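Just so it is clear, the structure is predicted and the values come from calculations on it, not from any experiment. Note that the numbering runs from 1 along the sequence shown for the chain. Quick note: numbers below take in every heavy atom, side chains included, and nothing from hydrogens, waters or symmetry partners. Just follow the structure's listing: the first ligand is 1, and inside any ligand the first atom is 1.
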Amino acid sequence: MARRKNAEAADAVPAVGSELATVGKGVVRAVGSYALGKALPYTPPWVAAAVLPPTAGFAVNQLWGDAAMSAGFASAGIALGGAALSAVVWKTGDGTTKVRRFRRVQATATVAASMGWLTCAVTAGPFGTPMLDIWLLGGALLAASWNARQIMGHGAGAEAEETNGGTMGKLAEAIGWEKVTVKSAKGTGKGTVKAQIEVAPSATIAAVQSTAGKVAAALQVPPSGVVVTPDPEDASRGTVSIRVADLLKDGVAFLMPDAFGLMPTEPIPLGMYADGELWAINPFAAAILQHVLVMGVTGAGKSELLRTLLAHLATRRKMSVFLVDLAKGRQTVGHMADGIDWLIQDAREAKRMLKSLPAAIRARGDVLAAEGLDQWTPESSLNALLVWVEEAADVVDFAELDEIARKARSVGMWLGISLQRATHNNISTDVRANLQGAICMGVNDPGDAGFCLPDSVTDTGAVPAWGSDRPGYGYATGMGIPQDRWTMEARSCLTDRTVLAALVAAAAPYRDPLDAATAAALGQTYAQRAHQGTNRLTPGIEQAAAAAAEALQAAIAAAPAGSVAVPAAPAPVPPAPRPVPLPAQAVPAAASAVPADPFEDDDMDDIEETEAMQIEEIYEEVLGAIPGDPEPDAPYAGLGLDDDVPDIDEDGAMSFEPQERMSTEDARHTLYAELDMWVSQGRLEFSPADLIPATVATGRQRPWLQGELKRLVESGVLQRDGHGVYVILHSPLQPA
Ligand SMILES: Nc1ncnc2c1ncn2[C@@H]1O[C@H](COP(=O)(O)OP(=O)(O)OP(=O)(O)O)[C@@H](O)[C@H]1O
């Protein structure tokens with residue numbers, strides 16, 4: 001048994017040996033063929049050096065070498081031809097870069113040396129001394145120098161790719177890149193090739209930028225696939241980035257928040273850049289809160305983007321959202337409406353909200369000043385506020401919006417305007433100038449992108465002129481986005497309705513109600529809002545949220561594969577914050593009931609002139625509001641409001657006691673009761689003429705009404721617009 005094993009082992013040895021030998025041969029063959037493969041491209045100069053000189057030398061010697069006369073003429077001819085050829089080579093060579101200078105010298109030297117040797121070979125023949133030695137040494141040297149040229153052209157040390165020779169030269173000429181040197185082109189591994197470019201002294205990077213479309217066509221990539229960005233440090237240099245593959249074409253997953261209850265100053269993920277990096281904005285953490293303009297044709301993806309933004313904000317604390325969408329508010333965000341504190345779909349309510357914002361801005365400014373803050377930060381007792389308006393031109397007058405945009409920034413009120421085209425008809429230049437953040441999605445006309453994006457972006461070729469063909473794609477600037485990302489194409493997330501609805505419901509216990517100061521300043525317009533979102537104070541919210549949290553897990557599991565991305569390690573959920581009590585001095589005037597007569601303590605002389613003007617204005621308003629006299633021929637037709645009514649019907653059986661004049665307190669109460677009744681009926685707007693019956697009932701006349709209206713405006717109970725319409729912010733009988 002043992003012997004048989006040994007015999008088997010002995011048999012096995014030669015078998016293993018022969019296998020090893022076979023493997024060894026294979027390795028040698030592989031190494032050999034690898035070396036041959038590597039060396040092959042470098043053999044042509046050696047073959048040429050070995051074959052051409054003896055062949056040409058032998059030929060010329062045989063032809064003209066035996067007769068002195070013909071040999072002389074032939075030598076002279078070859079020498080002259082050689083010199084001319086060398087000159088031509090030198091002349092046509094380009095010496096603008098180090099590599100090009102080397103190539104010119106080398107080509108000229110090769111031609112001159114070869115022709116010189118050939119001249120001598122006419123009489124001496126190719127194989128005698130010293131012709132043979134010169135051929136062997138010189139040929140080897142020249143062949144080696146041509147190998148060096150090959151290595152410089154293609155090897156790792158190559159610094160520059162020539163763009164003005166051969167096919168590249170023709171292409172460069174066609175696209176206007178003759179004066180451009182392209183260096184260090186590298187694939188990013190994420191569908192994009194990046195290269196440094198340098199222009200010759202007479203060219204500019206701006207001229208190169210204008211050719212981006214031609215380059216895209218030549219390379220057969222989308223028009224926006226070529227972006228040329230200037231180097232801010234050196235006007236002759238820049239970067240060209242060519243997107244050769246679209247990583248975003250299958251859609252971008254909605255990235256779930258890291259946790260519930262994050263602060264508004266945390267980054268808000270919106271989607272992904274073409275190079276696979278996260279596209280996020282952080283408006284509330286930026287040094288200056290930049291309002292945003294979102295633009296794109298219908299179907300470009302604006303609503304989808306808004307949903308992602310709102311979904312994240314709805315999971316945060318100290319954050320409130322007002323959204324005006326008259327066209328399709330519920331359709332767009334109905335499933336996440338609970339996360340929106342004030343969703344407005346009615347034009348009159350939208351106007352009232354926008355009119356009450358200046359009072360809220362003032363009140364917030366007072367609170368921040370009392371808290372010792374220059375601008376809103378999470379340390380403030382105020383919530384951050386997003387006011388989003390779809391198609392603003394249909395809702396608001398520009399002067400109003402301009403004021404809001406200018407003043408809202410420092411008080412933590414972020415304004416978002418979404419438009420299909422931000423032309424001068426749709427938005428004033430003043431308002432536009434105040435929207436420093438931009439998200440431009442597909443537009444039909446490349447020129448339209450300039451209404452939204454800065455010139456520095458569109459000049460690079462970053463123009464989303466794809467209409468609605470590529471929904472969700474766009475470019476974004478400002479709002480904390482690093483500047484080198486402004487020219488990088490991005491795509492927003494594609495959201496799932498069920499997931500977002502569950503997310504918003506599950507996050508309700510973390511949402512703070514609007515802070516008291518802002519709510520008070522917005523008054524009845526806010527208190528009586530048609531839609532109210534949920535927050536941690538909504539009765540029964542904890543149980544509803546617990547059920548929603550389970551529904552959220554189920555919705556994520558049921559969502560199409562890859563449509564929702566859940567952070568790898570969710571951060572621990574921070575506890576819901578307790579409201580920070582407002583310092584007494586920070587409570588704005590509008591938050592209290594009508595104060596004591598504001599004129600009592602004031603220095604009347606200082607404001608007399610202003611008041612007189614305002615009273616004059618109101619006087620005109622009241623008179624203008626009184627309807628035309630229905631009985632122009634009546635005996636009392638010419639009477640004014642101040643005139644005593646004469647006893648016209650002297651024989652009349654009926655007579656009236658003169659209206660008894662109420663005390664000031666009672667007169668005010670009558671007026672306030674009228675306003676209070678309107679508030680309780682949901683009527684928040686009126687003209688002065690509407691109060692004439694109440695005024696008459698008090699036994700007072702027009703100037704008294706004028707004074708009272710003015711007093712109510714100053715105390716924050718009413719707000720008056722430029723057209724003489726008053727908005728009731730609070731009932732004067734109920735403290736805000
Ligand atoms: N980021 C995205 N990824 C994939 N598809 C998207 C994306 N955004 C939008 N879409 C698709 O494009 C369609 C239109 O998008 P959306 O309604 O957001 O456009 P819009 O700009 O709001 O249009 P409108 O101005 O008419 O309201 C969506 O129904 C969706 O199918």
Practice prompt. Enumerate the atoms of ligand 1 whose separation from the nearest heavy atom of Thr298 is less than 4.0 angstrom.
Written response: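 This gives 23 (O), 24 (P), 25 (O), 26 (O) as the contact atoms.
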Any atoms of ligand 1 less than 4.0 Å from a non-hydrogen atom of Gln420? List them with their elements.
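Numbered from 1, ligand 1 contributes 25 (O).
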To check your reading of the model: name the closest protein heavy atom to [atom], its residue, and the distance in Å.
atom                    : value
atom 4 (C) of ligand 1  : Arg491 NH2, 3.2 Å
atom 19 (O) of ligand 1 : Gly301 N, 3.1 Å
atom 1 (N) of ligand 1  : Ser492 O, 2.8 Å
atom 31 (O) of ligand 1 : Leu494 CD1, 4.9 Å
atom 10 (N) of ligand 1 : Pro471 CB, 3.4 Å

Ligand 1 contacted by Gly299 (non-hydrogen, < 4.0 Å):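 It does; at least one heavy atom falls under 4.0 Å.
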Pick one of side chain, backbone, both or neither for how [X] approaches ligand 1, counting any non-hydrogen atom pair under 4.0 Å.
X      : value
Cys493 : backbone
Met441 : neither
Val297 : backbone

Please check if the number of heavy atoms outside Glu542 that lie under 6.0 Å from its CD is greater than 12.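 Count not over threshold, so no.
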Check your understanding: Is the side chain of Arg317 donor-acceptor paired with the backbone N or O of Met263 at a distance under 3.5 Å, no angle test?
Key ->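 Pair absent, no side-chain N/O of Arg317 close to backbone of Met263.
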| task | State whether any protein heavy atom lies less than 4.0 Å from atom 12 (O) of ligand 1. | result |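 So atom 12 (O) of ligand 1 has protein heavy-atom neighbours under 4.0 Å.
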Exercise. Taking atom 28 (C) of ligand 1 as the reference point, report whether a protein heavy atom occurs under 4.0 Å from it.
Key: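 Given the 4.0 Å limit, the answer for atom 28 (C) of ligand 1 is no, no protein heavy atom qualifies.
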>> According to side chain to side chain donor-acceptor pair (under 3.5 Å), who are the partners of Arg485, at least two apart in sequence or on a separate chain?
In response: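 Result, side chain to side chain donor-acceptor pair (under 3.5 Å) vs Arg485: Asp275.
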*Please name all residues satisfying ring-ring contact (aromatic ring centres under 6.0 Å, His included) with Trp486, sequence neighbours left out, ordered by chain then number.*
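None.
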For atom 20 (P) of ligand 1, tell me which residue out of Lys302, Glu391, Glu304, Met295 has the closest non-hydrogen atom.
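Checking each option, the heavy atom nearest atom 20 (P) of ligand 1 is found in Lys302.
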message: Looking at Arg243 and Glu489, is there a salt bridge between them, counting it only when a charged N and a carboxylate O are closer than 4.0 Å?
response: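 Counted as a salt bridge, because a side-chain N and a carboxylate O are separated by less than 4.0 Å.
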Salt-bridge test for Arg352 and Glu349: reply yes if a basic N is under 4.0 Å from a carboxylate O, no otherwise.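 Looking at Glu349 together with Arg352, the answer is no, because their closest N to O distance does not fall below 4.0 Å.
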Residues Arg421 and Asn444: side-chain donor-acceptor under 3.5 angstrom |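 Result is no, nothing qualifies.
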Provide the closest heavy-atom pair for Gln290 versus Gly437 in the form atom of the first, atom of the second, distance.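 So the two residues come closest at CB-N, 4.0 Å.
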Test side-chain contact (heavy atoms from CB on, under 4.5 Å) on Trp388 and Val333; report intermediate values, then the result. CA-CA 12 Å; Trp388 192 273; Val333 292; over 6 Å; no
